[in-house]
A.B. asks: 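First the structure, which I've put down as structure tokens, then a few questions once you've had a look.
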Amino acid sequence: MTAAVSISAPPAFPLAQRMSRMKASAIREILKVAERPDVLSFAGGLPAPELFPVEAIAQAHAEVFAEEGRAALQYSATEGYGPLREWICAHLAKSGLHAATDQVLITNGSQQGIDLVAKVLLDPGDVVVVENPSYLAALQTFSGYEASFAVVGSDNDGMRVDDLERLLLVVGRRPKLIYLVPNFQNPKGTTLSLERRRELVRFAQKHRILILEDNPYGELRFRGEHLPSLASLDTEDVVINLGTFSKTLAPGLRIGWAVGPRELIRTLTVAKQAADLHTATVSQRATARLLSRFDYDANLEKLRGVYGERCQVMLAALEKHMPAGTRWTHPEGGMFLWVELPRGMSADTLFPLALEKRVAFVPGSPFFAHEPRSEFMRLNYSNRPPELIEEGMRRLGAVIASQQT
Ligand code: PMP
């Protein structure tokens, strides 16, 4: 299996140069086969659908149509719906991130935040510093803007921030952006330590490099202490913080936000206007209405309880079923963990064999910006109940053991 799938252009319609660098997501291709009903898949990055507050969301939509239908169906401001931006400000302030309403831009999920930041910042050839491995769809976005990558390794405490000064010398030019997922990273599930957070912000301030802090999972902590966001540690306007309701309410709402320095948010707003005018008015108003009376914190507690249990079940099942030489991360929150296979084994080779045994994962290679490494796999634990997690790890352990010489 190749790490990524190229887009082939029909000769009659030559595509823009940049599309040759932008790969179709390998994960989407994998999911097509992994989501067969007979396969126990741990490949997707899906929240647990049984935890979506469907009735409360439906009720909020019904009220929006009944009471403010015309406004909800009208065009609206690019910045986003005022009461929703205000709720986000008040909510972020609770965890120490203080921002004014005009420092918040509502986006179509945090994915659009990544895209807009890349669009306003990156010229072809500009350098983006990324973790190795990194969130695949961010790599895809940056590639689409013809960025080049400077990769910095990571360990169980997240990005190797101590390596950044050396990296600057090697790269020889100032990066435009440092992109990272500090909490329960996708794909590894690891979290950036407090010390490294401070060091990273100091580094970015010293060199005047913008940090893009992508934080879709921060509120899904089920173990350990909350750590301050990079944005809350920053005193010199070098951080853009991205958030989303995709993992805490439902991804189908497509509501995320970017919080950052006022001037940059204004520039992102201009870019968003050119992209899609605004995020769906109905969705924004219904979400604002929902949040005005919904117990968001209780909902988070529920999610943390369920995901914490599922993670624990997966860790115990890995312990029980994985052959010696297999290692994995121990997330304190989020939805993923990262498995390192016994020496010499390739997750790409393993994938079709696992499918034969009706279990699926995402091979780790597409998450690497430079040379892909094939000895890793990403497992999602949020989307399956405990008994299926146990059964899935049993099947996976047997496949891995069968490949050991
Ligand atoms: N960033 C990361 C690290 C993610 O894992 C995801 C979702 N898989 C996103 C951004 C995009 O999420 P959304 O656009 O739904 O907010």
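Counting convention: from 1, in listed order, for ligands and their atoms alike.
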A.B. asks: Have a look at ligand 1 and work out which part of P216, if any, has a heavy atom under 4.0 Å from it: side chain, backbone, both or neither.
C.D. replies: side chain

A.B. asks: Identify, by atom number and element, the atoms of ligand 1 in contact range of S246, meaning under 4.0 Å from any of its heavy atoms.
C.D. replies: 13 (P), 15 (O), 16 (O)

A.B. asks: Test L268 against every option in T78, L121, V120 by the side-chain contact (heavy atoms from CB on, under 4.5 Å) rule and name the one that passes.
C.D. replies: V120

A.B. asks: Against ligand 1, does Q185 come closer than 4.0 Å with any heavy atom?
C.D. replies: no

A.B. asks: Determine whether any heavy atom of Y217 lies closer than 4.0 Å to an atom of ligand 1.
C.D. replies: yes

A.B. asks: Fit a plane to each ring of F245 and W87, take the angle between them on a 0 to 90° scale, and name the class: parallel (under 30°), tilted (30 to 60°) or perpendicular (over 60°).
C.D. replies: tilted

A.B. asks: Name the closest protein heavy atom to atom 12 (O) of ligand 1, giving the residue it belongs to and the distance to 0.1 Å.
C.D. replies: S110 OG, 3.4 Å

A.B. asks: Which atoms from ligand 1 have a heavy atom of R254 less than 4.0 Å away?
C.D. replies: 13 (P), 14 (O), 15 (O)

A.B. asks: Using a 4.0 Å cutoff against the non-hydrogen atoms of V181, which atoms of ligand 1 qualify?
C.D. replies: 3 (C)

A.B. asks: With a cut-off of 4.0 Å, which atoms of ligand 1 are near a heavy atom of D214?
C.D. replies: 1 (N), 2 (C), 3 (C), 10 (C)

A.B. asks: Mind checking whether W328 and H330 have parallel, tilted or perpendicular rings, split at 30° and 60°?
C.D. replies: tilted

A.B. asks: Between R304 and E301 (salt bridge meaning N to carboxylate O under 4.0 Å), is one present in this structure?
C.D. replies: yes

A.B. asks: Looking at E63, H61, E55, which hits side chain to side chain donor-acceptor pair (under 3.5 Å) with Q59?
C.D. replies: E63

A.B. asks: Under a 4.0 Å heavy-atom limit, does K247 contact ligand 1 with its side chain, its backbone, both, or neither?
C.D. replies: side chain

A.B. asks: Under a plain distance cut-off of 3.5 Å, with no hydrogens placed, do D348 and S365 share a side-chain donor-acceptor pair?
C.D. replies: yes

A.B. asks: Give the residue, atom name and distance (to 0.1 Å) of the protein heavy atom nearest atom 9 (C) of ligand 1.
C.D. replies: Y135 OH, 3.3 Å

A.B. asks: Given V201, which partner from the list Q205, E199, R198, R197 fulfils the side-chain contact (heavy atoms from CB on, under 4.5 Å) test?
C.D. replies: Q205

A.B. asks: I want to know if ligand 1 touches Q111 in the polar sense, i.e. an N/O pair below 3.5 angstrom.
C.D. replies: yes

A.B. asks: Is the cationic atom of R378 (NZ for Lys, CZ for Arg) positioned less than 6.0 Å from the six-membered ring centroid of F336 and within 45 degrees of its normal?
C.D. replies: yes

